[in-house]
Each structure stands twice: as structure tokens, then as C-alpha cells.
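For reference, the structure discussed in these notes is given below.
These numbers come from the heavy atoms of this one structure, side chains and all, not from hydrogens, waters or symmetry mates.
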Amino acid sequence: MLRRIVTAIIVLFLAVSSNAFSKTTRNEWLVKIGNKTYTVKDFWNWWENWKVDGSKFPENPTPFIDWMLMFENGTELGLYKYPSYQKKIRQFVKVRSLLLLEGDTLAPARKVTEKEVESYYRKNYIPKFKLDIYFFKNKETAQKARKLIEEGERGEKLAQNLGIKNKMHFERKTDWMRPFEIKNKKQRDLILNAEKGEIIGPVQDGKMWLLIIVSDKTTKENNLQEILKDAKQKLIKIKEAEATAKLLKQLRKKYPVWINKKLLKEINLKNFPEAKKKEVVLKVGNYALTAGGFMKFLKKEVEWEKHSRFGRVNMEIAKRRVIDSIINQTLVGMEALNRHYEQKEPLKPMFEFYCQNRIIKELENRIIRPTIKISQKEIENYYQQHKKQYKLPDKITIRFLQTNDRKLIDKLYKELKDGKDFKKLTITIMGYDNVVTIPYSHLLPESKKIIDNLKEGEVSKPFKIKDTYFMVQVLKLQKNRYKPLSEVKESIKNALYKQKFEEARQAYIRKLYMNLLAKGQEIKVNWDAWNSIVNNYKHRNQYNGTYAFYLFLTSLVIIAGIAYYKGRESEG
């Protein structure tokens, strides 16, 4: 019985799902513009790339037809030959291709198994340990210190016996550390093989000699799952770096790389001869870099190193870093382009749309936009016609005093009527000249009623709001103010330009329609296919809600069925 119920629900769900989308094929023709035919697939590619968040689905195929008319016209005019078009296309292909090449290279590296993560964790994360590290300038002192430590001396007493006065760089106690944090492999192996409390050394570390005491050591973890996540990310980064290095190694074999080592060695940022700046220092495939061009990159690298390395720069290392960076970036860029991702899915549809879009932009920039002129008179007329848009909030400047004492406010009002200056009264009571400027709309209804009956300079009678008494003087009321034309001129110009551009664009499209008719050609629409597209779009939007509802219904039925059968089993 349960199986029948579940099967029935699934069949119903599949029936709804299958009817949610139209049976119209994507290769069916939708629009014919003269001798050109555009399919349902072409429309969907245009819509998916053209729309932005909140775009309203077109009521008819006219916007798509307009788009294709503009594209065809721009192509006929040969606008694809212009450097501005070609530059944009190259930039698009390069950026997108680099992203896809990165995906192809790094995607396999990002797929790590739980077993790999666990193995990496055990090798690089445990055991954890705390260290006491002592630093010495020579081996003899370190050996002497070891004997004293073995006898139980530590810290300040140890320093005194060794004659060490500056203890700042003498001893360091670490918090919990993990194996991967010890970069020196020899030291790491010694620490991993040592027992808790064991003394290691003297061990040479550059010009210093170290004694290392393993003060604590454990394999216990308080939050293992979080640590495993961190280990996974580190392992992925390592595998990505390995995959990148492998790719670069392959590319250096695939594409010829030539370095003028003699010239590279001579390059400096102070006294390098101008004539030599034109000599080529690097060739990667068809790409060539002059000494002058290289020096621009080198200067940026040196400036960065001075900032990040406290002024210390090794020029030869900096040159090597720059030359390697340029070679690697150039090789990857060449490989990305040579793979021609734009001719394959998933980039191909987006690339086709982008080419169409750039042709239309060239058409608009070269033919339509130059026709648009905006005069000062038009700007002034627009300002007057839309002046409400530029109205400034009403403002009021007032002086007021306040008190909770009814007798005091009456006394002050009497003094005011006797000729006392309100400003002096305000300073006497409040300790300062209490003048504020606020939006007129921010006045409380009670105070607004009083203030509206005052002239500038006039002082109100005492009035009460809640438990406080006030007297108010209106100093300045600023109403019916507007932003000056000089302040809003650019925004008006932009609004007029946008309006005129759209009018000119529509006029140009109408002209294209008329030219088509003049040639004896026409535009045909497959309305059955269009209606199918519209239904498809509507059902697609409704589908998520329908899917969720039936999925919820299915789960309820299954849960009820399981409960029913469990009840039957318990009764049996």
C-alpha cells in the first residue's frame, strides 16, 4: 500500500514537472530578418545575457528584433574592424579564458578525499607541543647552559649564571604549536621525536645556537572537525600550487622563452643608458619586452620591497622575481588564448552575445551619439519644468530657552515685556546662546503651531510641552528654496542626454526597418514558437514553488505511510 501511494505521488510530480516546460525545440526558428534566421536558442542566449536583476520579460519579440537589426547593421558597416572593438574583444576573451584555464588547472587539485585530509592532518598537525627556546651566540655557551638546565636552573637564574644581561632575546616560551609551523625540517624532526620535558640541542640556526625544551606535548584535540577543515584548506592550497607549478613547467617547454641575461644583469634604476632601454631583454612566444618596459615593472617591485622589507632590497632577487612573474603571466595568457575557450561551451554563447553587444556599442558611439546636441536653453527649460525635483527642505533658525519652573518662565516673560534682551535672558538661564537651525518639518506640532504665528525676530509667549516651559524667537525662516541651476546642470544634462539618446536610437531602428522594406525584404515571426517561449518562461518561474510544494507533499505522505505501517507492525 505504501509503495502504491509513494508511486502515485511521484508520477503526479513528474507529470507536473514535464508539463512545466514547452516542447518547442531550441533550434526551431523564431525570427527571420531578411535573409537571416534566428532560433529559439538565439533568443534565450540573448535574454540570459542581456537581462539584469529585475528585468521585465519582453511582451513581444520586438526588443530581440531591434537588437539583431542593430547588430546586422553594425556588421555590414564593418565596425568589427575598428581597434576599439578588437581591443574590447581581446580583453574579454583573455579574462574569461584565464578564468577557465584556472578552473581546468585547479579543479582537480581541489578534489581531496577524507583519507588524504586525515593523512595530511596526522603528518602536519599532530602532535601539538609547547616549547621553551633559549638563544645563544656560540655553541660553548649553549652547551654550558644545557648542563645548568639539566641541573634544574631556568629563567633569570640561568641568565645570571651565564652572564647574560639582555634577556629579551635569550628565552622564548611558545603557545601550542603544530608540526607545519616549524619550517626547519631538522628541528621539526627532532621535536617530533622528543618526549615531553626533553632537552634538544645545542642546534645551530643561522648564526645562533638553540636549546629547545619540549615543555608539553599531546595528540588530543578539542575541536577536531574545525581543525580538519583548516587542514583541508591548507592541503588544497598546496595541491593548487603544485598544479600551477606543473602547468608552468609544461608551458615553458611548449612556448619558447628567451632572456638576454647579459642585459638583465646590467639593468639598474639609476644610471642605465637611454639607448639600451630600447633593447629587448625578454621574449616569450611573440611577446617581446624591452629593457625600458622591464624597468617600469622592476621599479614597482623595488618600491614594494622597500615598503614591506623595511628598506632592504636585493636587486638581483628583485629582477629574478619580476622576470619570472612576467614570463609566467605571459605563458598562462598565451595558453588561455590558444585553447580557444570562446569557441566551446560554456563560454561560446556568452562570447557571441558580447561580440554582438560590442558591435552595437560601436554603432551607438560612432553614429548615434554624435548626433545628440544639448543646448543651454534646453537645460534651463528642463530646470523650470522639473523645478519641484530640486526643491530644498524648508529650514528654520530659532533661539529658545527652556525650564521646568513655571514661576521662572513667567518672571522671564515679564522681564522680556519690560524691554530685556531675549538673547541675554537665554544666556543667563541656559549658560549659552541657544540657537539652532533645523528642518522646518522636524518641528513638533505643538511648537509649530506657536512658531507659525511669529514674525522674524519676534519672541513667543511661554508655552508648555509635557513638563517643560519654552519661549522661542524666530531668527530666520527659509522656505521655497531650490538648488541653483549651476548645481544641478550636469544631472539635467545627463537626463536630457539619456532621453535624446533613446529617441535617436529608436529613430535609427525605425530607419533600419524602412531600409529593409525598401529592399523588398521583411521580418517574420514564428508566433507559435514565441507563445511557447512565453509559456516556458512563466512555467519556469512557477516551477520552483510547484516543485517545493509537491516535494513537501511527498515527504508528508511517506512519513504518514511509515507511521501507519509501524503502527500496524506494533499491533501485530
Near Glu59 CD, under 6.0 Å, is it more than 12 heavy atoms from other residues, nucleotides or ligands?
-> no
Expected list for residues 92-108: side-chain donor-acceptor pairs under 3.5 angstrom, two or more places apart:
unit_1: Ser97; atom_1: OG; unit_2: Val93; atom_2: O; d: 2.6
unit_1: Asp104; atom_1: OD2; unit_2: Tyr341; atom_2: OH; d: 2.6
unit_1: Thr105; atom_1: OG1; unit_2: Leu101; atom_2: O; d: 2.8

Heavy-atom closest pair (Ile126 atom, Pro179 atom, distance to 0.1 Å) is O-CG, 3.7 Å
Looking only at atom types and distance, does a side-chain atom of Lys344 sit under 3.5 Å from a main-chain N or O of Arg339, one as donor and one as acceptor?
-> yes
Without swapping roles, check the side chain of Asn45 against the backbone of Pro349 for a donor-acceptor pair under 3.5 Å.
-> yes
Here the gap from Ile199 atom CD1 to Ile212 atom CD1, rounded to the nearest 0.5 Å, amounts to 11.5 Å
For the residue pair Lys524 and Trp29, what are the closest heavy atoms and their distance?
-> O-CZ3, 3.8 Å
Sole residue of Lys254, Arg252, Lys253 in salt bridge (Lys or Arg N to Asp or Glu O under 4.0 Å) with Glu335 = Lys254
Name of the residue among Lys489, Lys373, Lys500 meeting salt bridge (Lys or Arg N to Asp or Glu O under 4.0 Å) with Glu378 | Lys500
Sub-3.5 Å donor-acceptor pair from the side chain of Lys183 to the main-chain atoms of Phe180, do we have one?
-> yes
Carefully, step by step, assess Tyr383 and Glu380 under the rule side chain to side chain contact (heavy atoms under 4.5 Å, CB included).
-> CA-CA 5 Å; Tyr383 177 73; Glu380 291 170 0; 5.5 Å; no
Does the side chain to side chain contact (heavy atoms under 4.5 Å, CB included) test come out yes or no for Tyr82 and Arg366, once each step is laid out?
-> CA-CA 11 Å; Tyr82 284 95; Arg366 294 178 180 278; 3.3 Å; yes
Residue pair Leu298, Lys319: steps toward the side chain to side chain contact (heavy atoms under 4.5 Å, CB included) verdict = CA-CA 7 Å; Leu298 181 61; Lys319 287 181 188 179; 4.1 Å; yes
Can you give the donor-acceptor pairs under 3.5 Å from side chains of residues 226-234 to other protein atoms, not counting sequence neighbours?
unit_1: Asp230; atom_1: OD2; unit_2: Tyr125; atom_2: OH; d: 2.6
unit_1: Asp230; atom_1: OD2; unit_2: Lys234; atom_2: NZ; d: 3.1

Nearest 0.5 Å, what's the CD-CG distance between Glu28 and Asn526?
-> 5.0 Å
Could you go through the salt bridge (charged side-chain N to carboxylate O under 4.0 Å, His left out) check for Arg321 and Glu305 one step at a time?
-> CA-CA 11 Å; Arg321 189 179 286 115; Glu305 286 196 25; 2.4 Å; yes
Minimum heavy-atom separation for Val257 to Ile327, with atom names?
-> CG1-CD1, 3.9 Å
Okay, side chain of Asn494, backbone of Glu490: is any donor-acceptor separation there less than 3.5 Å?
-> yes
In chain order, what residues pass the ring-ring contact (aromatic ring centres under 6.0 Å, His included) check against Tyr120, with sequence neighbours excluded?
-> none
Hey, is the main chain of Lys81 close enough, under 3.5 Å, to the side chain of Gln86 for a donor-acceptor pair?
-> yes
Asn223 atom CG, over 12 foreign heavy atoms within 6.0 Å | yes
Considering only heavy atoms from C-beta outward, does the side chain of Lys246 approach that of Gln250 to under 4.5 Å?
-> yes
Under 3.5 Å: donor-acceptor pair, side chain of Asp205, backbone of Met208 = no
Is any side-chain heavy atom of Arg369 closer than 4.5 Å to a side-chain heavy atom of Tyr497?
-> yes
Indicate yes or no: at least one non-hydrogen side-chain atom of Leu282 is less than 4.5 angstrom from one of Trp258.
-> no
For the ring pair Tyr134 and Phe170, is the centre-to-centre distance below 6.0 Å?
-> yes
For Lys88, does the NZ atom have more than 12 heavy-atom neighbours from other residues, nucleotides or ligands under 6.0 Å away?
-> no
Just checking, any donor-acceptor pair under 3.5 angstrom between side chains of Gln499 and Tyr382?
-> no
Without swapping roles, check the side chain of Glu301 against the backbone of Val322 for a donor-acceptor pair under 3.5 Å.
-> no
Spacing of NZ belonging to Lys41 relative to OG1 belonging to Thr25, to within rounding of 0.5 Å | 11.0 Å
What distance separates Leu190 CG from Lys185 NZ, expressed to the nearest 0.5 Å?
-> 10.0 Å
Locate the shortest heavy-atom distance separating Pro127 from Lys217; write the atom from each residue and the value.
-> CG-CE, 3.5 Å
Of Phe353, Phe43, Tyr38, which meets ring-ring contact (aromatic ring centres under 6.0 Å, His included) against Trp67?
-> Phe353
Please tell me if the side chains of Lys296 and Lys299 come closer than 4.5 Å, counting only heavy atoms from C-beta onward.
-> no
Does the side chain of Val302 reach to within under 4.5 Å of the side chain of Met315, using non-hydrogen atoms?
-> yes
Partner set under ring-ring contact (aromatic ring centres under 6.0 Å, His included) for Phe71, not counting sequence neighbours = none
Any chance you could measure Leu251, atom CG, to Asn338, atom CG, to the nearest 0.5 Å?
-> 10.0 Å
Heavy-atom neighbours of Phe297 CZ exceed 12 at 6.0 Å | no
Trp50-Phe64 aromatic ring centre distance below 6.0 Å = no
After noting the C-alpha distance and the side-chain angles of Gln329 and Ser325, does the key distance pass the side-chain hydrogen bond (donor to acceptor under 3.5 Å, both in side chains) rule?
-> CA-CA 6 Å; Gln329 289 182 42; Ser325 175; 3.0 Å; yes
Taking the side chain as every heavy atom from C-beta outward, state whether Glu342 and Ile89 have any atom pair closer than 4.5 Å.
-> no
How long is the span from the CD1 atom in Ile509 to the CD atom in Gln506, to the nearest 0.5 Å?
-> 4.5 Å
Can you find a heavy atom in the side chain of Lys173 that is under 4.5 Å from one in the side chain of Lys130?
-> no
Could you tell me whether the side chain of Arg146 and the main chain of Gly201 form a donor-acceptor pair under 3.5 Å?
-> yes
Around Glu114, counting heavy atoms of other residues, nucleotides and ligands shown, do more than 12 lie under 6.0 Å from its CD?
-> no
Of all residues at least two apart in sequence or in a different chain, which pass the side chain to side chain contact (heavy atoms under 4.5 Å, CB included) check with Leu263?
-> Asn260, Glu266, Phe272, Lys276, Glu279, Val281, Ala291
Here the pair of heavy atoms bringing Ile359 nearest to Thr75 is CG2-N, 3.9 Å
Quick one: does Phe136's side chain get under 4.5 Å of Gln143's, heavy atoms only?
-> no
In terms of heavy-atom contacts, does NZ of Lys186 have more than 12 from other residues, nucleotides or ligands at under 6.0 Å?
-> no
Leu77: what forms a side chain to side chain contact (heavy atoms under 4.5 Å, CB included) with it, not counting sequence neighbours?
-> Asn73, Leu79, Leu363, Ile367, Tyr508
So which heavy atom on Gln376 is nearest to which on Leu485, and how close?
-> NE2-CD2, 4.1 Å
